[in-house]
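Please read the structure below before turning to the comments.
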Amino acid sequence: GYRVSLAKAALQQGALSAKLAAPAVLSVNGQTIRLGTVRFNVGGGSLTATGSAGQALDVAVDLAALPLSAANAVAPGLGLAGTLDGTLRITGPAQSPNAAFEMKGRGIGAKAIAGFGIRPLTFAASGGYGGKAVQLTRLTASSPSGLSVTGKGSLPLSLDGLNFDA
C-alpha cells in the first residue's frame with residue numbers, strides 16, 4: 001500500500017471556495033482507502049470525513065453550518081440558501097451500503113419553493129438508508145409564514161411502495 005499526505009488543497013468555482021482545514025493523510029491498501037480526518041472549510045461552515053472505503057464501507061461525515069449555496073456553484077438554477085448541520089454514517093458492503101443520518105437545516109430556501117412563500121425554512125430529519133429505500137424516523141419543518149410539517153415514513157428509490165405519514 002501507500003500513503004498520500006495533503007498539506008494544502010483548495011477548490012474554487014466562481015465565488016465558492018473550499019479549503020483543506022489541516023493536513024490530511026489517506027492510506028491505500030489494495031482496494032481500500034483509509035481517511036484520517038479530512039476537513040474542508042466551505043464558506044462559513046465545514047465538512048469533515050473519516051473512515052475507510054473499499055469493498056466494505058465505514059465512513060463518518062460531519063457537517064457544521066455547511067452553506068447550501070455551495071451547490072449553486074455547480075447547479076446555479078437551484079437557487080439554494082441556508083445551512084446544514086448533521087452527521088452521516090455509511091457502513092456495510094459497497095454493493096449494498098447502509099446509512100444513518102441526523103440533519104438540521106436553518107434558513108433553507110430554494111428557487112423551486114420560493115414562489116410558495118415558505119422561505120426561510122427550518123427542518124430537522126433523522127433516519128437511514130438500506131435496502132434501496134430511505135427511512136425517515138423523524139421529519140419536522142417550519143417557516144415563519146406558518147408552515148408546519150411533521151412526518152415519518154419510507155421512500156423507496158424506485159418509488160414503488162412509497163409510505164409517508166405527514
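Please read these numbers as outputs of a predicted model, since none were measured by experiment.
Cluster membership check: Leu11 does not share its hydrophobic cluster with Leu63, using side-chain heavy-atom separations under 4.5 Å among Ile, Leu, Val, Met, Phe, Trp and Tyr. Hydrophobic clustering of Ile, Leu, Val, Met, Phe, Trp and Tyr side chains at less than 4.5 Å, counting indirect connections, keeps Leu84 apart from Val74. Under the 4.5 Å side-chain heavy-atom criterion for Ile, Leu, Val, Met, Phe, Trp and Tyr, Leu35 and Val28 are members of the same hydrophobic cluster.
Put simply, the side chain of Arg39 does not reach to within 4.5 Å of the side chain of Lys19, judged on heavy atoms. Val149 has its side chain out of reach of Thr140: every pair of non-hydrogen atoms, C-beta onward, lies at least 4.5 Å apart. Considering only heavy atoms from C-beta on, Leu136 stays 4.5 Å or farther from Leu155 through its side chain. Two residues are said to be in side-chain contact when any heavy atoms from C-beta on lie closer than 4.5 Å; Tyr2 and Asn29 fail this criterion. Under the 4.5 Å side-chain criterion, counting only non-hydrogen atoms from C-beta, Leu6 is in contact with Leu26. Side-chain contact between Ile108 and Leu68: present, with at least one pair of heavy atoms (C-beta onward) separated by less than 4.5 Å. With contacts defined as side-chain heavy-atom distances shorter than 4.5 Å, the pair Leu47/Asp62 does not qualify. Looking only at side-chain heavy atoms (C-beta outward), Thr50 and Val59 stay at 4.5 Å or farther from each other.
Here the closest heavy-atom approach between residue Val42 and residue Ala70 is recorded as CG1-CB, 4.1 Å. The two residues Gly107 and Thr122 make their nearest non-hydrogen contact at N-OG1, 4.5 Å. Leu80 and Ala110 get closest at one heavy-atom pair: CD2-CB, 3.6 Å. In plain terms, the two heavy atoms of Gly44 and Pro67 that are nearest each other are N-CG, 4.4 Å. Considering all non-hydrogen atoms of both residues, Leu121 and Ser142 come closest at CD1-O, 3.3 Å. Heavy-atom minimum distance, Ala71 versus Leu78: CB-CD1, 4.1 Å.
More than 12 heavy atoms of other residues, nucleotides or ligands shown are found within 6.0 angstrom of CZ on Arg138. Around CD of Gln31, the count of heavy atoms belonging to other residues, nucleotides or ligands within 6.0 Å does not exceed 12.
Contacts of Arg89 classified as salt bridge (charged side-chain N to carboxylate O under 4.0 Å, His left out), with partners at least two apart in sequence or in another chain: Asp58.
One finds the OG atom of Ser46 at 7.5 Å from the CG atom of Leu66 (value rounded to the nearest 0.5 Å). Interatomic distance, Ser17 OG to Gln12 CD, rounded to the nearest 0.5 Å: 5.0 Å.
For the 3.5 Å distance criterion, the side chains of Ser126 and Thr137 qualify, holding a donor opposite an acceptor.
Side chain of Thr32 to backbone of Ala53: no donor-acceptor contact under 3.5 angstrom is found.
Sequence neighbours left out, the pairs with a member in residues 67-85 that pass side-chain hydrogen bond (donor to acceptor under 3.5 Å, both in side chains) are Asp85-Arg106.
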- Message: Could you walk me through whether Tyr129 and Asn98 satisfy the side-chain contact (heavy atoms from CB on, under 4.5 Å) test, starting with their C-alpha distance in whole Å, then the side-chain angles of each, then the deciding distance to 0.1 Å, before giving a yes or no?
- Response: CA-CA 5 Å; Tyr129 169 82; Asn98 296 302; 5.8 Å; no

